[in-house]
Amino acid sequence: MSTFLENQNWRYATKKFDASKKISATDLNTLKEAIRLSASSYGLQPYKVFIIENPELRAKLVGASYGQTQVADASHLLVFANELNFGAAGIDQLANNISATRGLPLEAIQGYVDYMKGNITGLPEEVRNIWTAKQTYLALGNLLNAAAELKIDVTPMEGFVPAQVNEILGLDKLGLNASLLAPIGYRHVEDDTQHYKKVRKSNDELFITL
């Protein structure tokens, strides 16, 4: 646990990446697996994660991110995109995956499938879109923790224009919406932010025991 907390103290939202340093394929696969194994409501994972390496695309995305250069300078840029109008088809996809992975007939899990559909499909589309966007934050948390263990920097970003990112990446046509950006890579020695003391609420301010 001490190592975990040390990693949490080490990590910060990197303001300047060293563009000359690249994440190895092995470490990138570890980060991808951490995201894949993340918790999500019902295990549905109602999102996609785009790994943007193309420098021309990333240059355009800087403009959609209020000029934040981390988008272009980091080793890779991850774009978390939540599914829009999520419904029965996505639930059936999970059901088929459960059946195949656990060797169960679909009939054996029909009750669970009906339960999910009953809770989700009747919600207004706007509510479902907010819900799927929230799921991406769970995946981001796994990314942050896994990256810190590997001493890889991540900058979680909400500071961008989703409509512009959607247009640049063609997400609209895929029924997706950009909810989070996460440049990943290695901090630049000139990034003074890495030397700042971490500022957080005290335990007494943050936690309430009832």
Side-chain angles (χ1 to χ4, degrees), residues 11 13-14 28-54 57-58 60-66 68 70-72 74-98 101 112-148 152-185:
R11 68 147 303 277
T14 306
L28 181 60
N29 284 334
T30 298
L31 296 181
K32 289 166 63 177
E33 188 68 357
I35 293 170
R36 191 182 73 86
L37 293 173
S38 174
S40 66
S41 291
Y42 303 104
L44 284 164
Q45 298 174 287
Y47 49 79
K48 302 289 185 185
V49 184
F50 291 80
I51 302 173
I52 313 298
E53 297 180 340
N54 185 296
L57 274 180
R58 289 169 67 175
K60 292 179 181 178
L61 291 170
V62 170
S65 307
Y66 304 107
Q68 297 181 83
Q70 301 100 310
V71 168
S75 174
H76 297 73
L77 172 66
L78 304 189
V79 178
F80 291 80
N82 61 299
E83 294 187 30
L84 299 175
N85 198 24
F86 185 88
I91 296 170
D92 288 337
Q93 183 179 28
L94 173 63
N96 290 328
N97 197 359
I98 293 173
T101 302
Y112 183 52
V113 172
D114 292 341
Y115 174 75
M116 286 189 286
K117 288 182 178 179
N119 285 340
I120 295 170
T121 59
L123 295 172
E125 182 176 343
E126 180 182 2
V127 173
R128 280 180 282 136
N129 290 345
I130 292 171
W131 167 68
T132 57
K134 286 181 177 180
Q135 301 307 302
T136 63
Y137 286 79
L138 296 174
L140 173 68
N142 259 31
L143 169 64
L144 290 171
N145 291 333
I152 292 173
D153 291 295
V154 183
T155 303
M157 292 173 56
E158 293 180 309
F160 63 94
V161 183
Q164 293 181 14
V165 174
N166 292 342
E167 182 179 358
I168 292 168
L169 298 180
L171 301 184
D172 316 69
K173 299 175 183 177
L174 301 174
L176 299 169
N177 171 70
S179 60
L180 290 168
L181 302 186
I184 60 176

Close side-chain approach of E53 and H76, heavy atoms under 4.5 Å:
yes
Measuring only between side-chain heavy atoms, which start at C-beta, is Q68 closer than 4.5 Å to L181?
no
Between S41 and Q135, is there a side-chain donor-acceptor contact under 3.5 Å, judged purely by atom types and distance?
yes
Measuring only between side-chain heavy atoms, which start at C-beta, is K32 closer than 4.5 Å to I51?
yes
Might you point out which heavy atoms bring V113 and A95 nearest each other, and give the distance in Å?
CG2-CB, 3.6 Å
With no hydrogens and no angle check, do the side chains of N82 and N129 hold a donor and an acceptor under 3.5 Å apart?
no
Would you give the length of the straight line joining atom CG of L123 to atom OG1 of T121, rounded to the nearest 0.5 angstrom?
8.0 Å
So V161 and Y66, side chain to side chain contact (heavy atoms under 4.5 Å, CB included) or not? Walk me through it.
CA-CA 8 Å; V161 183; Y66 304 107; 3.5 Å; yes
With a 3.5 Å distance limit and no angle check, can you tell me whether T155 reaches the backbone of T14 through a side-chain donor-acceptor pair?
yes
Between CG on residue N96 and CD1 on residue I91, distance to nearest 0.5 Å:
12.5 Å
Euclidean distance, I35 CD1 relative to L144 CG, rounded to 0.5 Å:
9.5 Å
Short question: side chain of N177, backbone of L171 - any donor-acceptor pair under 3.5 Å?
no
How many angstroms lie between atom OG of S179 and atom CD1 of I130, to the nearest 0.5 angstrom?
12.5 Å
Measuring from L37:CG to Q45:CD, what's the distance to the nearest 0.5 Å?
8.5 Å
With sequence neighbours excluded, give me every salt bridge (Lys or Arg N to Asp or Glu O under 4.0 Å) pair touching residues 78-92.
D92-K117
Atom of A139, atom of F80 and distance for their closest heavy-atom approach:
CB-CE2, 3.8 Å
Is it true that, when you exclude E125 itself, more than 12 heavy atoms of the residues, nucleotides or ligands shown sit nearer than 6.0 Å to its CD?
yes
Contact between I52 and L169 at the side-chain level, heavy atoms closer than 4.5 Å - yes or no?
yes
Hey, are the side chains of F50 and L77 touching, using non-hydrogen atoms and a 4.5 Å cut-off?
no
Shortest non-hydrogen separation from L138 to S40 and the atoms involved:
CD1-CA, 4.0 Å
Audit row: L180, E158, side chain to side chain contact (heavy atoms under 4.5 Å, CB included) steps and yes/no:
CA-CA 6 Å; L180 290 168; E158 293 180 309; 3.9 Å; yes
Could you grab the distance from atom CG of L140 to atom CG of L78, nearest 0.5 Å is fine?
9.5 Å
With no hydrogens and no angle check, is any side-chain donor or acceptor of R58 less than 3.5 Å from a backbone partner on A74?
yes
So which heavy atom on Y42 is nearest to which on Y115, and how close?
CE2-CE2, 3.8 Å
Inter- and intrachain pairs under salt bridge (Lys or Arg N to Asp or Glu O under 4.0 Å), touching residues 126-138, at least two apart:
none
Compare every heavy atom of D172 with every heavy atom of E167, then report the nearest pair and how far apart it is.
N-OD1, 3.6 Å
Are T132 and L84 close enough that some pair of their side-chain heavy atoms sits under 4.5 Å apart?
no
Test item: M116 and L94 side chains (from C-beta on) under 4.5 Å apart, heavy atoms
yes
Sorted by first residue and then second, give each ring pair (Phe, Tyr, Trp, His ring centres under 6.0 Å) pair with at least one member in residues 122-141; sequence neighbours left out.
F86-W131
Locate the shortest heavy-atom distance separating A182 from V154; write the atom from each residue and the value.
CB-CG1, 4.1 Å
